There are 2 protein chains.
Amino acid sequence: MDKILTGNWKSMRPYASALDRLRNAGLRPTRQRLALAKLLFENGDRHITAEDLHSEARNAGVSVSLATVYNTLHQFTQTELLREVVVESGRAYFDTNTTQHSHFFFEKSGRLMDIPADAIEISQLPSAPDGAEISGIDVTVRIDA
Amino acid sequence: MDKILTGNWKSMRPYASALDRLRNAGLRPTRQRLALAKLLFENGDRHITAEDLHSEARNAGVSVSLATVYNTLHQFTQTELLREVVVESGRAYFDTNTTQHSHFFFEKSGRLMDIPADAIEISQLPSAPDGAEISGIDVTVRIDA
DNA sequence: TGGCGAGCTTAGAATCATTCTTAGCTTGAC
DNA sequence: GTCAAGCTAAGAATGATTCTAAGCTCGCCA
């Protein structure tokens, strides 16, 4: 069986099943990882916190501990199934859209909304100091609502 | 005595003394606020956490509680003497440069470095949804070092 | 199919940054 | 100098996240 190991295989297989995603990421498809993957990836692009995913899982009848939700979110982030978005100190959001894009952040409600990559354009960028490597560019447009 | 009440008076008076800054912000110049203002503003542009400012103050022989450091940082942020920078969930940085600019964030060391406003250029921006108001645009360039 | 070890999950304790609470101290106005 | 409003402090409380240790599960192999 072929293994797809490139960093952004996901963009090539956006409709892979939860099971395939786990296999491709090299994670054992346990009951809780499968259930969380389904909640995350079978509902379109999502921005979610660990707490929220935890209660969503419980509401769906999936018994999973909060610690496992945290572990899983971090494993998914490391394997590029998810991206972590930092917009508020003290709360971590995880984004199921791992392609390059930016966000609106609604400060009062705490909601995130994607800005499509082509709606924002950075035409000039400084080079990284010391020839270090740029690992990402985050753009957040804060909305006072 | 004239009072300068515009939002960014600071950019007009970059060398105001700590005492003047507090007065202009409408904050009573107490011993601890003065000491913290001096540490913050008399050492060029800085990016600092509450913990770090607290220990810096203590090392300088200033007796101030951590709670007061937090209070003061927030009051300074509200009065636009400081700007809060969010780059890592779980830690808040405060920036003495309140003018529009972006940051390099060195993920391994946790250090921040200013990117001058003219070194980055956003040539296209989506309009805010629902005619809501954009309260800020944050650009962080993450460096893998 | 059964056994087994690595990897996973769990509950609860622990940690970390931050905020709250409450009582006592300062500051500036008069 | 007096006093009220505003400020500060210590420690308790909170909320998010991570750690710990003990017990399960998965899938490989005989």
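What you see is a predicted model, and the numbers here were worked out from it, not measured in a lab.
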request  = State yes or no: do B:Ile115 and B:Met113 share one hydrophobic cluster built from I, L, V, M, F, W and Y residues joined by side-chain heavy-atom distances below 4.5 Å, directly or via other members?
outcome  = yes
query = Where along residues 28-36 of chain B does a heavy atom come under 4.0 Å from DNA chain D, residue by residue in number order?
reply = B:Arg28, B:Thr30, B:Gln32, B:Arg33
note = Outermost contacting nts on DNA chain C, any atom under 4.0 Å from chain B heavy atoms, listed 5' then 3', are C:dA17 to C:dG28
key: Any B:Asp138 side-chain heavy atom under 4.5 Å of A:Arg142 side chain   = yes
query = Near B:Arg58 CZ, under 6.0 Å, is it more than 12 heavy atoms from other residues, nucleotides or ligands?
reply = yes
message = Does anything in residues 57-70 of chain A come within less than 4.0 Å of DNA chain D? Heavy atoms only, and list the residues if so.
response = A:Leu66, A:Ala67, A:Tyr70
remark   = Shortest non-hydrogen pair, B:Ala117 vs B:His101, comes out as N-CB, 4.2 Å
inquiry  = Let's go through B:Ile137 and B:Ile134 carefully: what are the C-alpha distance in whole Å and the side-chain angles of both, what is the deciding distance for side chain to side chain contact (heavy atoms under 4.5 Å, CB included) to 0.1 Å, and is it a yes or a no?
reply    = CA-CA 8 Å; B:Ile137 300 170; B:Ile134 292 179; 4.1 Å; yes
task = Could you check A:Glu42, A:His47, A:Arg46, A:Arg83 and say which one makes a side-chain contact (heavy atoms from CB on, under 4.5 Å) with A:Thr96?
result = A:Arg46
4.5 Å side-chain heavy-atom contact, A:His103 and A:Asp95 = yes
message = Return the CG to CZ distance between A:Leu40 and A:Phe94, rounded to the nearest 0.5 Å.
response = 10.0 Å
task = Just jot down the side chain to side chain donor-acceptor pair (under 3.5 Å) partners of B:Thr140, sequence neighbours excluded, or say none.
result = none
ask   = Are A:Phe106 and B:Pro129 side-chain neighbours, meaning at least one heavy-atom pair lies under 4.5 Å?
value = yes
task = Would you classify A:His74 as touching base, sugar-phosphate or nothing, given that sugar-phosphate means primed atoms plus P, OP1 and OP2, and contacts are heavy atoms under 4.0 Å?
result = sugar-phosphate
key: Residue pairs, two or more places apart or on separate chains, that pass salt bridge (Lys or Arg N to Asp or Glu O under 4.0 Å) and touch residues 108-137 of chain A   = A:Lys108-A:Asp144
query = Between A:Glu84 and B:Ser89, is any pair of side-chain heavy atoms under 4.5 Å apart?
reply = yes
ask   = 5' to 3' on DNA chain D, which nucleotides open and close the contacts with chain A (atom under 4.0 Å from a heavy atom)?
value = D:dA16 to D:dG27
